[in-house]
Protein chains: 2
Amino acid sequence: MENSKDIKGCLDVPDQGDATKTFEISAFFPYQTRVFYKSVSEAVAKVYIDEYDMKPYEWRALAILGKSNMLTPAQLVEESSMDKVTVSRAIASLSKRGWLRSRSNKMDGRSRIVSTSAEGQKAFANLVPKMRAVEHGILRCLDDHEAAEFKRIMQKIVDHQG
Amino acid sequence: MENSKDIKGCLDVPDQGDATKTFEISAFFPYQTRVFYKSVSEAVAKVYIDEYDMKPYEWRALAILGKSNMLTPAQLVEESSMDKVTVSRAIASLSKRGWLRSRSNKMDGRSRIVSTSAEGQKAFANLVPKMRAVEHGILRCLDDHEAAEFKRIMQKIVDHQG
DNA sequence: TAAATATAGTTTCAATAGAAACTACTCTTG
DNA sequence: CAAGAGTAGTTTCTATTGAAACTATATTTA
């Protein structure tokens with residue numbers, strides 16, 4: 001490491017204009033979004049880790065298959081916002097737990113139809129109320145109007161981003 | 001894979017109650033949050049990748065050091081919402097680019113004081129207006145009131161989550 | 001003040017994630 | 001209908017990440 005007296009830091013660097021002086025990370029929208037996202041996803045993760053030591057992608061796949069049963073991996077990709085590699089691994093690890101069953105897909109020999117087993121449904125049925133509780137816990141600090149507005153705006157931003 | 005006729009899927013599994021039937025992932029707040037976060041962070045990543053092929057942690061560290069110069073790694077951890085391992089690597093890789101300089105910390109020999117170099121300031125000065133543009137692009141679809149409300153509620157949720 | 005304890009930061013190690021390559025099958029077209 | 005092109009899903013390979021171990025220094029305490 002260089003010694004204090006050898007280095008002047010940027011204090012002596014010529015002024016780069018106002019832009020750099022006023023950039024406050026805590027006011028930067030994507031930063032706020034990240035902090036918000038982390039806080040929400042940690043609350044959810046606590047549940048599926050505590051209950052079953054699941055991975056995020058396991059929970060996401062189960063959350064979809066628990067309700068919309070009999071999906072192909074491609075349909076799961078579409079619904080889950082996960083890529084096909086992640087979905088493939090999610091199906092593999094949930095199957096290893098005995099929570100999913102696959103049958104052949106008569107429409108396409110490269111594909112298959114994935115469903116939850118009784119065990120998988122049991123885990124899903126256990127998790128869903130706990131997840132609803134987490135969701136309520138997060139939104140508890142908002143009144144109904146605030147919650148609705150927030151969801152509406154979040155969706156609006158996503159739609160406009162592409 | 002098991003054959004169709006050997007497997008019944010969950011359709012024959014006893015009813016687990018309403019909870020599982022009405023759980024719709026796309027209406028689940030943490031899921032919406034995740035989709036929202038991904039869309040925002042991709043827009044930001046596009047800039048720092050296109051400009052300098054930076055890693056997320058490099059951008060986050062530079063975003064803070066560009067303005068609040070002369071920080072210890074610990075201060076950077078505090079401000080960045082990154083853990084100390086990630087911060088350590090961020091400092092290492094930005095230093096390798098020649099964008100940061102370190103001097104010894106007279107207050108604590110285990111620590112150091114990190115500052116941006118002229119090169120680092122230049123990159124920061126180039127990135128900041130582009131990041132502001134991304135931020136505006138994201139918020140463009142909202143009126144001022146919506147944007148303010150959204151930020152306020154996002155902060156409120158974070159504060160109440162701990 | 002020497003020993004024990006605690007802390008700042010780094011490195012190592014193991015787990016996760018995504019890109020690209022691959023396999024097996026389907027679809028198109030000459 | 002055979003060859004070539006395209007697609008679904010998996011596997012392999014590489015890079016990123018975080019936890020735990022480690023190093024060096026600071027602080028506490030006997």
Side-chain angles (χ1 to χ4, degrees), chain A residues 1-4 34 37-38 41-42 44-46 48-49 52-61 64-65 70-97 100-115, chain B residues 1-4 34 37-38 41-42 44-46 48-49 52-61 64-65 70-97 100-115:
Chain A
M1 194 188 305
E2 305 169 67
N3 188 283
S4 287
R34 177 180 149 78
Y37 166 72
K38 279 180 74 170
S41 65
E42 267 163 31
V44 171
K46 181 161 173 34
Y48 60 67
I49 291 171
Y52 299 109
D53 196 24
M54 291 168 82
K55 308 295 173 198
Y57 55 75
E58 289 183 309
W59 155 245
R60 284 172 207 142
I64 292 166
L65 285 163
M70 313 256 293
L71 299 178
T72 63
Q75 290 172 317
L76 200 44
V77 167
E78 204 175 337
E79 292 200 36
S80 67
S81 80
M82 300 192 289
D83 65 39
K84 65 181 186 173
V85 177
T86 307
V87 164
S88 177
R89 286 196 268 243
I91 293 170
S93 59
L94 289 174
S95 298
K96 201 169 166 189
R97 284 177 187 264
L100 299 182
R101 292 293 142 88
S102 296
R103 68 176 72 171
S104 58
N105 181 354
K106 293 193 183 75
M107 299 292 99
D108 189 334
R110 297 164 301 183
S111 180
R112 52 173 166 156
I113 307 288
V114 182
S115 300
Chain B
M1 194 188 307
E2 304 168 69
N3 188 284
S4 286
R34 178 180 147 78
Y37 166 72
K38 279 180 73 169
S41 65
E42 267 162 32
V44 171
K46 180 160 173 34
Y48 59 68
I49 292 171
Y52 299 109
D53 197 24
M54 290 168 83
K55 308 295 174 198
Y57 54 76
E58 289 183 309
W59 155 246
R60 283 172 208 142
I64 291 165
L65 285 164
M70 314 255 292
L71 299 178
T72 63
Q75 289 171 318
L76 201 43
V77 167
E78 205 175 335
E79 292 201 35
S80 68
S81 80
M82 301 192 288
D83 64 38
K84 67 180 184 172
V85 178
T86 307
V87 164
S88 177
R89 286 196 268 244
I91 293 170
S93 58
L94 289 174
S95 298
K96 201 171 165 187
R97 284 177 188 264
L100 299 183
R101 292 293 142 88
S102 298
R103 68 176 73 172
S104 59
N105 182 354
K106 292 193 184 76
M107 299 291 99
D108 191 333
R110 296 165 301 185
S111 180
R112 52 173 166 157
I113 307 289
V114 183
S115 301

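Chain naming here is simple, since letters A, B, ... match the order of the sequence lines and numbering starts at 1 in each.
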Which listed nucleotide (dA19(D), dA15(C), dT25(D)) is nearest to the side chain of Arg110(B)? dT25(D)
Going from CG on Leu76(A) to CG on Leu71(A), what distance comes out if it is rounded to the nearest 0.5 angstrom? 6.0 Å
Just the rounded figure in Å: distance from P of dT16(D) to CH2 of Trp59(B). 19 Å
So if I take every side-chain heavy atom of Val85(B) and compare against dG18(D), dT26(C), dT25(D), which nucleotide ends up nearest? dG18(D)
Whole-Å distance between dA19(C) P and Asp83(A) CG? 7 Å
Gap separating the CD atom of Glu79(A) from the CG atom of Leu65(A), nearest 0.5 angstrom: 8.5 Å
Rounded to the nearest 0.5 Å, what separates atom CD1 in Ile113(A) from atom CE in Met70(A)? 6.5 Å
Here the distance between atom C1' of dA8(C) and atom CD1 of Ile113(B), to the nearest Å, is 12 Å
Does a distance-only test, which skips hydrogens and angles, find a donor-acceptor pair under 3.5 Å between the side chain of Arg89(B) and the base of dG18(D)? yes
Interatomic distance where CG belongs to Asp53(A) and P belongs to dA15(C) [whole Å]: 12 Å
Check the distance between dG18(D)'s C1' and Lys55(A)'s NZ and give it to me in whole angstrom. 12 Å
Separation of dA8(D) atom P from Ile91(A) atom CD1, nearest Å, is 14 Å
Under 4.0 Å between a side-chain N/O of Lys84(B) and OP1 or OP2 of dA8(C), yes or no? no
dG9(D) phosphate, OP1 or OP2, under 4.0 Å from Ser88(A) side-chain N/O: no
So, taking the atom named CE in Met82(A) and the one named CZ in Arg34(B), what distance separates them when rounded to the nearest 0.5 Å? 7.0 Å
The answer to which of Met107(A) and Tyr57(A) contacts DNA chain C further toward the 5' end, by nearest nucleotide, is Tyr57(A)
Let me know the distance between CG of Asn105(A) and P of dT10(D), rounded to the nearest Å. 12 Å
Can you tell which of dA8(D), dA8(C), dG18(D) lies closest to the side chain of Thr86(B)? dG18(D)
Which nucleotide in dT16(D), dG9(D), dT10(C) has an atom nearest any side-chain atom of Arg112(B): dT10(C)
Nearest-Å distance, CD (Glu78(B)) to P (dT7(C))? 15 Å
Spell out, as yes or no, whether a donor-acceptor pair under 3.5 Å connects the side chain of Lys38(B) to the backbone of Ser81(A). yes
OP1 or OP2 of dA8(D) sitting under 4.0 Å from any side-chain N/O of Thr72(A)? no
